[in-house]
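Down below is the structure, laid out as C-alpha cells.
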Amino acid sequence: MRNALIGILLLLAAPKANAQQTNLNMLDHDAKPYYFGITLAANQSYFKLEHSPAFLATDSIMIAEPMKTMGFNLGLLANARLTEHFDLRFNPQLVFASKNLYYRDTYPKPQDTEKKIESILLSFPVQIKFKSDRIGNMRVYTIGGLKYDYDLSSNARLRRADDLVKIRKGDYGYELGAGFEFYFESFIFSPEFKISNGFGNVHVKDPNLRYSNVVDKLQSRMIVFSIHLEG
C-alpha cells in the first residue's frame, strides 16, 4: 500500500516537474503574421556541362569539364504566415560564386587551362515553407520554391574576348531544402541545407571563341548551407 501511494505521488508530480524543466521561448511567435531576419551562407557552385559537336570534331582540346568552388551569400529574409504549418518566404541574397571550367589543351602545346567564371548574383527566391509542430524550443521544416538570378559581373571579362566563355546575365531555377528552428529568448537560430539549381542554359554560344566552341550547354548548380537569424 505504501509503495502504491508513493507511485501515485510520483505520477502526479511528473508533469509539474517536466513543465518546470521545459522553458518555452517566444511563445507568441507562431501567432505573428510576418517577421524578418538575415541570412549568412556558404555555397559550393559549379556548372552542369554538355559538350557541343565541335568537341568531338577537334583534337586541340581533349578535356572540358566543370570544377566545384566555394563562395558565400549575404541576404535578408521576410516570412509571412499562411496557415499553422505553411509559410511564404522571400529570401533575396547577394551571392558571390565562381563556376570554373577546366580544359586540357594539346595545341599549340600540351597544357592545363582553368577558365575562371566569377559571378556576383542578385538572387530572388520565393519559397513555400512547411514546418512541423513545435517540439519544445525546436522544430523541423522543409522548403521548396523558384528563383531568379541576375549576374552583375557576366560581362566583366569582355576585354579578353579571345579566350572568353560568355555567360548570360539572367537565369531562373528551383530550390529545395530542409532546416531546423531553434528558439532562444529573443531570436530564432535556423541552420539550413538546400540545393539551388538553374533551369536555363546560361552559355552564350560563339563559334569564334575557342573555349566556348566546344561547349553546348551550361546550367548552374549550387549547394548552400545557410544560417538564418530571425526575430
Side-chain angles (χ1 to χ4, degrees), residues 34-50 66-82 87-101 114-129 141-161 164-179 187-206 209 212 215 217-231:
Y34 58 87
Y35 60 89
F36 303 96
I38 60 173
T39 300
L40 306 173
N43 69 69
Q44 182 185 68
S45 57
Y46 60 98
F47 281 126
K48 179 184 177 183
L49 185 149
E50 292 185 18
M67 302 176 67
K68 296 180 179 180
T69 54
M70 299 299 296
F72 65 95
N73 308 15
L74 301 172
L76 302 174
L77 184 145
N79 196 97
R81 185 177 186 269
L82 300 178
D87 292 346
L88 179 65
R89 194 170 78 167
F90 182 50
N91 191 202
Q93 299 182 31
L94 185 64
V95 182
F96 298 86
S98 183
K99 306 180 187 75
N100 300 341
L101 301 176
E114 180 180 338
K115 309 308 297 178
K116 293 185 177 182
I117 304 176
E118 299 178 347
S119 297
I120 301 175
L121 303 173
L122 288 176
S123 184
F124 302 97
V126 178
Q127 304 155 349
I128 294 294
K129 175 180 177 182
Y141 69 87
T142 60
I143 57 167
L146 300 175
K147 65 166 186 172
Y148 177 77
D149 292 341
Y150 184 82
D151 193 344
L152 298 174
S153 63
S154 63
N155 293 325
R157 298 175 64 238
L158 280 180
R159 60 186 180 277
R160 298 176 58 189
L164 186 69
V165 178
K166 294 182 179 180
I167 303 298
R168 300 183 191 278
K169 283 185 174 293
D171 189 20
Y172 55 95
Y174 67 93
E175 297 191 327
L176 297 171
F187 70 95
I188 303 171
F189 176 80
S190 301
E192 176 186 290
F193 175 84
K194 71 177 180 181
I195 58 172
S196 181
N197 295 341
F199 286 130
N201 176 18
V202 297
H203 180 228
V204 180
K205 297 181 182 179
D206 190 334
L209 301 179
S212 182
V215 175
K217 291 184 179 180
L218 292 174
Q219 293 177 297
S220 64
R221 297 289 183 263
M222 189 175 293
I223 299 172
V224 184
F225 175 75
S226 304
I227 296 294
H228 306 295
L229 300 176
E230 308 165 51

Are [X] and [Y] close enough that some pair of their side-chain heavy atoms sits under 4.5 Å apart?
X	Y	result
Phe47	Val215	no
Asn91	His228	yes
Lys99	Ile167	no
Ile38	Leu76	yes

Locate the shortest heavy-atom distance separating [X] from [Y]; write the atom from each residue and the value.
X	Y	answer
Glu230	Ser190	OE2-OG, 2.9 Å
Ser153	Glu118	OG-O, 3.1 Å
Asp171	Gly198	OD2-CA, 3.7 Å

What pairs with Phe225 under side-chain contact (heavy atoms from CB on, under 4.5 Å), at least two apart in sequence or on another chain?
Pro191, Ile227
Hits for side-chain contact (heavy atoms from CB on, under 4.5 Å) against Leu176, two or more places apart or cross-chain, chain-then-number order -> Tyr174, Ile195
Just by modelled atom types, is the Phe199 backbone N or O under 3.5 Å from a matching donor or acceptor in the Gln219 side chain?
yes
Taking atom types as modelled, is there a side-chain donor on Asp206 or Ser212 under 3.5 Å from an acceptor on the other?
no
Just by distance, with hydrogens left out, do Gln93 and Thr39 show a side-chain donor and acceptor under 3.5 Å apart?
no
Verdict with supporting geometry, Arg89 and Leu77, side-chain contact (heavy atoms from CB on, under 4.5 Å):
CA-CA 7 Å; Arg89 194 170 78 167; Leu77 184 145; 3.7 Å; yes
Gap between atom [atom2] of [Y] and atom [atom1] of [X] - 0.5 Å precision:
X	Y	atom1	atom2	answer
Glu50	Lys217	CD	NZ	5.0 Å
Asn100	Tyr46	CG	OH	14.5 Å
Leu218	Lys166	CG	NZ	14.0 Å
Asn79	Phe36	CG	CZ	9.5 Å
Ser45	Arg221	OG	CZ	12.5 Å
Ser220	Asn197	OG	CG	7.0 Å

Kindly indicate, with the supporting measurements, whether the criterion side-chain contact (heavy atoms from CB on, under 4.5 Å) is fulfilled by Val165 and His203.
CA-CA 8 Å; Val165 178; His203 180 228; 4.0 Å; yes
Would Tyr141 and Asp87 count as a side-chain contact (heavy atoms from CB on, under 4.5 Å) here? Give the steps.
CA-CA 10 Å; Tyr141 69 87; Asp87 292 346; over 6 Å; no
Compute the centroid of each ring, for Tyr148 and then for Phe124, and state whether the two points are separated by less than 6.0 Å.
no
Evaluate the criterion side-chain contact (heavy atoms from CB on, under 4.5 Å) for residue pair Val95 and Asp149; output intermediate values, then yes/no.
CA-CA 9 Å; Val95 182; Asp149 292 341; over 6 Å; no
